[in-house]
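These notes concern the structure reproduced below.
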Amino acid sequence: MSVAVRHLDTSAAGFEADFQRVLHWSAETDAAIETRVAEILANVRTRGDAAVLEYTARFDGVTAALVAELELGRDALQAALDQITPAQRSALEAAADRVRQYHQRQLEACGRSWQYRDADGTLLGQKVTPLDRVGIYVPGGKAAYPSSVLMNAIPAHVAGVAEIVMVVPTPKGERNALVLAAAAVAGVHRVFTIGGAQAVAALAYGTATVPRVDKITGPGNAYVASAKRRVFGQVGIDMIAGPSEILVLADGSTPADWVAMDLFSQAEHDELAQSILLCPDAGYIAQVQAAIDRLLPGMPRRDVIRASLEGRGALILTRSMDEACAISNRIAPEHLEISSSDPHRWEPLLRHAGAIFLGAYTSESLGDYCAGPNHVLPTSGTARFSSPLGVYDFQKRSSLIEVSEAGAQVLGPIAAELAYGEGLQAHAQAAEFRLKPGA
């Protein structure tokens with residue numbers, strides 16, 4: 001049975017309206033979820049460990065007398081690392097090494113302090129320091145993402161964060177060895193087997209056992225996303241992520257099966273994930289549709305993929321690759337593949353994307369796991385103003401100002417003039433007190 005993916009044509013009269021319907025996605029959280037999350041956060045903030053234990057027993061089916069019993073020591077992480085297969089361990093360590101190398105280069109490029117002195121001896125600069133403690137949320141149970149452990153913990157480690165605290169739910173006590181092994185490889189310092197809004201609250205407010213962090217990163221369900229939104233201001237957060245997205249710009253030179261599978265790679269996340277193809281070749285779009293129909297029956301998550309493609313997917317015929325690039329900039333996708341024989345021709349035209357994958361051999365899935373750049377990316381068009389998670393998310397910047405005596409004579413009158421103009425006399429006089437008589 002054919003998969004009913006929308007076929008759009010940019011030259012058609014109704015394209016714009018149809019295009020907007022494809023992009024529409026409501027980020028509004030269910031009111032019942034918001035109410036429940038507010039209650040959980042307030043309860044954990046007031047009752048601390050007792051509330052965490054209560055919710056962990058209720059939602060995860062894990063009972064404990066103390067939250068300390070839900071913390072895994074370094075020996076448990078090492079045991080998990082020893083438990084996984086040699087192939088898994090090799091893949092995990094290779095991916096971690098590539099992710100670490102990439103973020104080390106990021107640190108060298110933009111994560112250093114700097115300063116200079118101007119002609120009168122005034123020192124100006126920027127001091128970059130890591131956050132003291134961060135929390136990373138990792139989905140647990142059957143939804144296990146060791147790659148998310150690497151992508152959140154390694155840049156924090158490279159940035160110099162002193163303590164990385166991981167929370168991961170273990171429904172019915174089910175621990176995922178690969179997730180815990182990833183924590184060992186990535187250098188996570190403490191791991192608590194708690195999840196949901198209660199874990200976010202514990203990290204944001206602190207309890208007798210769970211330390212309060214400065215920032216929380218990592219993916220989660222609607223309850224986790226709502227909790228992160230609500231605690232922002234008490235702590236920093238990375239982003240509020242929407243459904244996963246992929247946009248493929250194709251010139252028809254890549255095997256259609258490859259592109260179909262790349263569209264599947266995002267569609268299999270969930271029914272709200274979005275997969276879009278932009279291409280100026282109608283014949284090639286027909287080949288991709290045929291590949292979708294042929295390959296889908298063999299996919300274990302075919303029902304999810306079908307629902308995603310039929311609900312939010314699109315195969316769009318464009319007038320040219322230039323127009324495809326312009327439409328891509330309007331979408332500002334999370335993942336953007338340039339599936340072209342000459343990807344570097346088109347890359348300069350693309351301004352907005354979480355990550356750009358160049359060429360037919362660069363599947364988005366390589367970026368998810370082991371290429372090196374971070375896979376925590378802005379979604380829902382926020383790539384217009386947001387960036388991938390990186391070393392810079394685990395650092396903060398302080399301005400350095402040391403004004404010399406000579407500099408004070410130059411800057412003082414400027415500051416005083418502006419301060420008087422704002423009606424702030426104390427500001428003005430604080431500058432004037434430092435002026436030499438007659439200056």
Side-chain angles (χ1 to χ4, degrees), residues 27 29-60 62 64 66-72 129-140 145 148-149 151-153 155-157 159 161-170 183 186 188-242 376 378 386 389 392-396:
T29 306
D30 184 276
I33 292 177
E34 288 291 329
T35 300
R36 190 73 181 111
V37 167
E39 175 188 318
I40 292 171
L41 295 184
N43 205 4
V44 172
R45 189 170 195 176
T46 302
R47 297 177 53 229
D49 280 357
V52 171
L53 290 170
E54 177 185 310
Y55 290 126
T56 301
R58 184 185 307 178
F59 299 134
D60 292 340
V62 176
L66 300 169
V67 172
E69 296 175 18
L70 301 175
E71 181 174 4
L72 302 181
T129 54
L131 303 183
D132 291 334
R133 181 186 293 128
V134 300
I136 63 173
Y137 189 99
V138 179
Y145 297 102
S148 287
V149 179
M151 296 294 179
N152 283 269
H157 203 273
V161 173
E163 187 173 23
I164 303 168
V165 182
M166 182 174 118
V167 292
V168 55
T170 54
V188 173
H189 298 98
R190 300 181 71 178
V191 178
F192 291 91
T193 56
I194 57 176
Q198 62 272 23
V200 173
L203 292 172
Y205 305 132
T207 72
T209 308
V210 181
R212 179 180 178 178
V213 302
D214 301 310
K215 190 167 191 174
I216 300 172
T217 70
N221 61 18
Y223 286 88
V224 172
S226 175
K228 285 172 66 177
R229 185 184 297 112
R230 284 177 173 270
V231 301
F232 176 65
Q234 293 284 334
V235 294
I237 62 172
D238 51 353
M239 62 187 76
I240 303 297
V376 180
S386 298
L389 190 73
Y392 37 74
D393 288 294
F394 299 101
Q395 296 175 320
K396 54 187 176 60

side-chain contact (heavy atoms from CB on, under 4.5 Å) evaluation trace for Leu389 with Thr217 = CA-CA 9 Å; Leu389 190 73; Thr217 70; 4.2 Å; yes
For the pair Val37 and Arg230, evaluate side-chain contact (heavy atoms from CB on, under 4.5 Å) and give the outcome as yes or no after the intermediate values.
-> CA-CA 9 Å; Val37 167; Arg230 284 177 173 270; 3.9 Å; yes
Step by step, work out the side-chain contact (heavy atoms from CB on, under 4.5 Å) result for Ile40 and Phe59.
-> CA-CA 12 Å; Ile40 292 171; Phe59 299 134; 4.0 Å; yes
Go through Tyr55 and Asn43 one step at a time and tell me if the side-chain hydrogen bond (donor to acceptor under 3.5 Å, both in side chains) criterion holds.
-> CA-CA 10 Å; Tyr55 290 126; Asn43 205 4; 2.9 Å; yes
Could you walk me through whether Val149 and Met166 pass the side-chain contact (heavy atoms from CB on, under 4.5 Å) test, one step at a time?
-> CA-CA 8 Å; Val149 179; Met166 182 174 118; 4.0 Å; yes
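Checked against Ile136 for a side-chain contact (heavy atoms from CB on, under 4.5 Å), the options Val188, Val191, Val165 give a single hit: Val188.
Once rounded to the nearest 0.5 Å, the distance linking CG of Leu41 with CD of Gln234 reads 10.0 Å. With rounding to the nearest 0.5 angstrom, the CZ atom of Phe394 is 8.0 Å from the CG atom of Leu131. Taking OG1 of Thr207 as the reference point, atom CD1 of Ile194 lies at 7.5 Å (rounded to 0.5 Å). Ile164 contributes atom CD1, which lies 5.5 Å from atom NE2 of His157 (distance to the nearest 0.5 angstrom). Considering CD1 of Ile216 and CG of Leu203, their distance stands at 5.0 Å, rounded to 0.5 Å. Distance check, rounded to the nearest 0.5 Å: CZ of Arg36 to CG of Asp30 gives 13.5 Å.
Residues Val44 and Val52 are in side-chain contact: their nearest non-hydrogen atoms beyond the backbone lie under 4.5 Å apart. The shortest side-chain heavy-atom distance between Thr170 and Asp60 does not fall under the 4.5 Å cut-off. Inter-residue side-chain proximity for Val138 and Val167 is flagged as unmet; no heavy-atom pair is nearer than 4.5 Å. Looking at Thr129 and Lys396, their side chains come closer than 4.5 Å, going by heavy atoms from C-beta outward. In this structure, Phe192 and Val168 have side chains that are not in contact, with every pair of non-hydrogen atoms separated by 4.5 Å or more.
When all heavy atoms of Ala225 and Ile240 are compared, the pair lying nearest together is O-CD1, 3.5 Å. Nearest heavy-atom pair, Ala208 versus Asp49, reported as atom, atom and distance to 0.1 Å: CB-OD2, 3.6 Å. Of all the heavy atoms in Ile237 and Phe232, the pair that sits closest is CG1-CD1, 3.8 Å. Minimum interatomic distance between Pro169 and Pro139 (heavy atoms only, all atoms of both residues): CD-C, 4.2 Å. Shown here for Tyr137 and Ala199, the closest heavy-atom pair between the two residues is CE1-CB, 4.1 Å. Across Met151 and Val376, no two heavy atoms sit closer than the pair CB-CG2, 4.3 Å.
Judged as a salt bridge (charged side-chain N to carboxylate O under 4.0 Å, His left out), and not counting sequence neighbours, the contacts of Glu54 are Arg47, Arg58. Arg45 is linked by a salt bridge (charged side-chain N to carboxylate O under 4.0 Å, His left out) to nothing, counting only residues two or more places apart in sequence or in another chain. Residues satisfying the ring-ring contact (aromatic ring centres under 6.0 Å, His included) test with Tyr223, not counting sequence neighbours, are none.
No donor-acceptor pair under 3.5 Å is formed between the side chain of Arg133 and the backbone N or O of Pro211. Between the Ser226 side chain and the Ala222 main chain, no donor and acceptor come within less than 3.5 Å of each other. Using a distance-only test at 3.5 Å, with no hydrogens or angles considered, no donor-acceptor pair links the side chain of Lys215 to the main chain of Gly135. The backbone N or O of Gly48 sits nowhere less than 3.5 Å from a side-chain atom of Tyr205 that would complete a donor-acceptor pair.
Between Asp238 and Lys228 there is a salt bridge, since at least one side-chain N of the basic residue sits less than 4.0 Å from a carboxylate O of the acidic one.
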